[in-house]
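In what follows, a single structure is set out as structure tokens and then discussed.
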Amino acid sequence: MQRNTFPLKEHLKSKKVIEQVYANGVSVTSYPLRAIFIEQPQTEQEPTAAILINVSKKRFRHAVDRNLVKRRIREAYRTSKHTLIDTLQSQGKKIAVAIIYIDNKHNSTAFIKKKMTKLLEGILTKSSTVCENS
RNA sequence: ACAGUCGGACGGUCUGUCGCCGUUGCCGAAAGGCAAAGGAGGAAAGUCCGGGCAGCAUAGAGCACUCCACUUCCUAACAGAAAGCUGCCUGCGAAGGUAGAGUAACGCAGAAGAAAAAAACCGCCCGCAAGGGUAAGGGUGAGAAGGUGGGGUAAGAGCCCACCGGCCGUGCAGUGAUGUACGGGCCGUGUGUCUUGGAGGCUGCAAGUUCACGUAAACCGGCGCUUGAGGGUUGCUCGCCCAAGCCGGAGGGUAGAACGCUUUAGCAAUGUGGUGACACCUUGCAUAGAUGAAUGACAGACACCCUACAAGGGGUACAGAACCCGGCUUACAGGCCGACUGUCAAA
């Protein structure tokens, strides 16, 4: 049984990489979630998938609401990330992803989790096509 | 009991599963793993004041500028708090709201009104008239020569008297704002400039310190090197200090880690002083420290509230630390405690 974790190491924190993701990333949408990702060069320290969760101030004015959404997304990711990680590892790839919440209202944890599964599947199909093209 | 005023404190609890953050201990060569005890607020919010702390600056003079303003008092400090004072307003009341340095000079209100300070348009009185006297009445205005009543007079008027309001003086009470008694003279309003007293260096933890990585001390244009560019000095002027580089363009590199970073104007209790804010003594307690930013997600039970005869159904606020404190302001489901007020009932 795999453990459902999401430690700090798997967070995307480097300013440089974040800028690259937003500038050159490929986007996948599974409403109310949208992912933008790029492939990362193979290095020792980098995790298989570095994740950034973004909930804009525009959509949720209060910090309490933003925190709640972030926590639900984080929860959804850590419980459904294994398919993504395993597939990437077998392909020998590493990616950096920004997950953006694109709704103005709250959604239940169960709903977000369902959409997250779809989103991660979407990332896998998109990344393989990108690779074939290049 | 009901309705209300003021003040204070609180603002979910437990169990299970899966997670996050730093700390400590153990294991491991390392990566990491395991365990333990911890991990948002009364407003953490708005960022509106005031400090601490940090860096920079720190001969001085003049002129500006900004803020504060009843009194006493508290404090590290404040535009804050406490206890009071005076006027006005609201409430039956407990209580609440609001304003509060001064007015010598000048301006404005002044396109109203006859008149805005040594006033005569109408009216009233004297007079044949010319003219004179008059602020009771009219209308204007926020304000019309203190107000009301009486005496007085040709008619009137602080002209005289009583009471009241204001001003000045003296006594008494109070630390004081002020109150009060007596006496005096006979007394216009608002606002701005202004006057008086007090305060104000600049920048904010992205401060600042250390380490690591890396580049371009290159290129183009302008000004300057003791005949001084530029910088600092409070906004300006003077003065003073530093001074060999400075400004602009295009372009390049880094954006990692540690300290700062949580033990302090800290919180609580007893006692003492004080009406009180608060101060002092003693004792006890102390448990976030992240940095693309942790402190949670889900399920169940309980508690509370609303609704309902019941079964049941619905709801549980406002809101998330970012260097740290003291305030202010704003948001807030729900109940709790204390003091007091009004009404009703009983004794």
Side-chain angles (χ1 to χ4, degrees):
Chain A
M1 172 74 195
Q2 281 174 315
R3 298 187 57 217
N4 303 321
T5 62
F6 185 43
L8 205 53
K9 280 191 174 180
E10 294 183 17
H11 290 224
L12 175 56
K13 286 159 72 173
S14 162
K15 231 179 209 174
K16 229 171 157 182
V17 177
I18 292 165
E19 275 172 19
Q20 283 174 23
V21 168
Y22 281 116
N24 311 317
V26 181
S27 88
V28 179
T29 307
S30 165
Y31 192 84
L33 302 172
R34 169 176 292 158
I36 302 176
F37 69 96
I38 56 164
E39 281 200 44
Q40 285 272 78
Q42 297 283 352
T43 48
E44 282 291 317
Q45 309 95 321
E46 292 297 322
T48 308
I51 305 294
L52 164 76
I53 295 167
N54 182 343
V55 180
S56 82
K57 211 169 191 173
K58 230 179 188 173
R59 300 185 187 280
F60 292 96
R61 207 162 59 78
H62 294 291
V64 174
D65 297 320
R66 287 198 296 278
N67 277 349
L68 180 63
V69 173
K70 277 184 181 177
R71 282 163 179 162
R72 281 177 171 166
I73 294 171
R74 207 157 56 219
E75 203 66 15
Y77 175 74
R78 82 177 172 86
T79 48
S80 52
K81 69 171 185 176
H82 293 297
T83 323
L84 178 75
I85 303 286
D86 292 345
T87 314
L88 286 172
Q89 270 177 347
S90 65
Q91 292 172 346
K93 286 187 197 164
K94 289 192 176 181
I95 59 171
V97 189
I99 298 175
I100 307 166
Y101 192 77
I102 50 167
D103 199 345
N104 292 326
K105 58 183 194 302
H106 287 295
N107 284 294
S108 73
T109 307
F111 181 76
I112 290 174
K113 193 172 171 183
K114 206 173 81 188
K115 293 294 187 177
M116 177 63 76
T117 317
K118 271 192 164 175
L119 187 77
L120 298 182
E121 284 170 9
I123 289 174
L124 282 175
T125 47
K126 263 272 173 70
S127 74
S128 53
T129 51
V130 165
C131 283
E132 280 165 20
N133 291 348
S134 57

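Sequence lines set the chain letters: A, B, ... in the order given, protein chains first and strands last, and positions in each chain run from 1.
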Subject >> Gap in Å between the two P atoms, one belonging to C6(B) and one to G11(B), rounded >> reply: 24 Å
**OP:** Compare side-chain N and O positions of His62(A) against OP1 and OP2 of G320(B) and report whether any pair is under 4.0 Å apart.
**Re:** yes
Original post:
Within a reach of under 6.0 Å around NZ of Lys115(A), are more than 12 heavy atoms found that belong to other residues, nucleotides or ligands?
Top reply: yes
Original post:
Would you say a side-chain N or O of Thr109(A) is under 4.0 Å from OP1 or OP2 of A297(B)?
Top reply: no
Original post:
What integer distance in Å separates Arg78(A):CZ from G296(B):C1'?
Top reply: 9 Å
Original post:
Any idea if G42(B) is syn or anti, going by the 90°-from-0 cut?
Top reply: syn
**OP:** Specify the separation, in whole Å, of atom CD1 of Ile51(A) and atom P of C20(B).
**Re:** 15 Å
Original post:
For C108(B), which nucleotide is its Watson-Crick or G-U wobble mate, given both distances must be under 3.5 Å?
Top reply: G190(B)
Subject >> Euclidean distance for C1', A154(B) against C159(B) (whole angstrom) >> reply: 15 Å
**OP:** Scan every strand shown for a Watson-Crick or G-U wobble partner of A118(B), both distances under 3.5 Å, and answer none if you come up empty.
**Re:** none
Original post:
What is the distance, rounded to the nearest whole Å, between atom NZ of Lys81(A) and atom P of G19(B)?
Top reply: 10 Å
Subject >> Under 4.0 Å protein heavy-atom contact, by nucleotide of nucleotides 39-44 of chain B - B base, S sugar-phosphate only >> reply: -B----
Original post:
So what's A94(B) paired with, Watson-Crick or G-U wobble, going by both distances under 3.5 Å?
Top reply: none
Subject >> Separation between the C1' atoms of C27(B) and A207(B), rounded to whole Å >> reply: 43 Å
**OP:** Give the rounded distance in Å between these two atoms: CZ of Arg61(A) and P of U330(B).
**Re:** 17 Å
Original post:
What distance, rounded to whole Å, do you find between the two P atoms, one in C20(B) and one in U291(B)?
Top reply: 14 Å
**OP:** Report the base-pairing partner of A339(B) (Watson-Crick or G-U wobble, both distances below 3.5 angstrom), or none.
**Re:** U5(B)
**OP:** Quickly work out the Asp65(A) CG to A319(B) C1' distance and round it to whole Å.
**Re:** 9 Å
**OP:** Round to a whole Å and report the spacing from CD1 of Ile73(A) to P of A294(B).
**Re:** 13 Å
**OP:** Using both distances under 3.5 Å as the test, list the Watson-Crick or G-U wobble partner of A35(B), or none.
**Re:** U24(B)
**OP:** With a 3.5 angstrom cut-off on both distances, give the Watson-Crick or G-U wobble partner of U180(B), or none if there isn't one.
**Re:** G171(B)
Subject >> Complementary nucleotide of G60(B), counting Watson-Crick and G-U pairs under 3.5 Å >> reply: C238(B)
Subject >> G296(B) phosphate, OP1 or OP2, under 4.0 Å from Arg72(A) side-chain N/O >> reply: no
Subject >> Derivation of the side-chain contact (heavy atoms from CB on, under 4.5 Å) call for Val69(A) and His106(A) >> reply: CA-CA 7 Å; Val69(A) 173; His106(A) 287 295; 3.5 Å; yes
Subject >> Nearest-Å distance once atom P is located in both G80(B) and U287(B) >> reply: 37 Å
Subject >> Separation of the C1' atoms in G204(B) and A288(B), to the nearest angstrom >> reply: 24 Å
Original post:
Measuring from Ser80(A):OG to Lys118(A):NZ, what's the distance to the nearest 0.5 Å?
Top reply: 13.5 Å
**OP:** If the glycosidic angle is within 90 degrees of 0 it's syn, otherwise anti, so just tell me which one A9(B) is.
**Re:** anti
Original post:
Base, sugar-phosphate alone, or nothing: which one does Arg66(A) contact when heavy atoms must sit under 4.0 Å apart?
Top reply: nothing
Original post:
Now, which nucleotide makes the Watson-Crick or G-U wobble pair with U75(B), with each of the two distances under 3.5 Å?
Top reply: none
**OP:** For nucleotides G252(B) and A218(B), find the distance between their C1' atoms and express it as a whole number of Å.
**Re:** 10 Å
**OP:** Taking all heavy atoms of Ala76(A) and all of Ile112(A), pick out the closest pair and write down the distance.
**Re:** CB-CG2, 3.9 Å
What donor-acceptor contacts under 3.5 angstrom involve side-chain atoms of residues 49-57 of chain A, with partners at least two apart or in another chain?
residue  : atom : partner  : partner atom : Å
Asn54(A) : ND2  : Tyr22(A) : OH           : 3.1
Ser56(A) : OG   : Lys58(A) : N            : 3.4
Ser56(A) : OG   : Arg59(A) : N            : 3.3

**OP:** Could you give the distance separating C325(B) and C241(B) at their P atoms, to the nearest angstrom?
**Re:** 46 Å
Original post:
Reckon Arg74(A) has a side-chain N or O less than 4.0 Å from the OP1 or OP2 of U295(B)?
Top reply: yes
Original post:
Which comes earlier along RNA chain B counting from the 5' end, the contact point of Ile53(A) or that of Ala110(A), where each point is its nearest nucleotide?
Top reply: Ile53(A)
Subject >> Trace of the side-chain contact (heavy atoms from CB on, under 4.5 Å) decision for Leu120(A) with Thr83(A) >> reply: CA-CA 8 Å; Leu120(A) 298 182; Thr83(A) 323; over 6 Å; no
**OP:** For His106(A) and C298(B), give me the distance from atom NE2 to atom P, rounded to whole Å.
**Re:** 12 Å
**OP:** Work out which heavy atom in Ile123(A) is nearest to a heavy atom in Phe37(A); give both atom names and the distance.
**Re:** O-CZ, 3.9 Å
Original post:
Can G141(B) be described as syn, meaning its chi torsion is within 90° of 0, or is it anti?
Top reply: anti
Original post:
Taking it one step at a time, do Glu121(A) and Thr125(A) satisfy side-chain contact (heavy atoms from CB on, under 4.5 Å)?
Top reply: CA-CA 6 Å; Glu121(A) 284 170 9; Thr125(A) 47; 5.9 Å; no
Subject >> same_hphob_cluster(Leu68(A), Leu33(A)) at 4.5 Å side-chain heavy-atom cutoff >> reply: no
Subject >> Rounded distance (Å) that lies between atom P of G320(B) and atom CZ of Phe60(A) >> reply: 14 Å
Original post:
Counting any heavy atom closer than 4.0 Å, what does Leu68(A) reach on the DNA or RNA strands: base, sugar-phosphate only, or nothing?
Top reply: sugar-phosphate
Original post:
Taking the side chain from Arg66(A) and the backbone from Phe60(A), do they hold a donor-acceptor pair closer than 3.5 Å?
Top reply: yes
Original post:
Mind telling me whether U262(B) is syn or anti, cutoff 90° either side of 0?
Top reply: syn
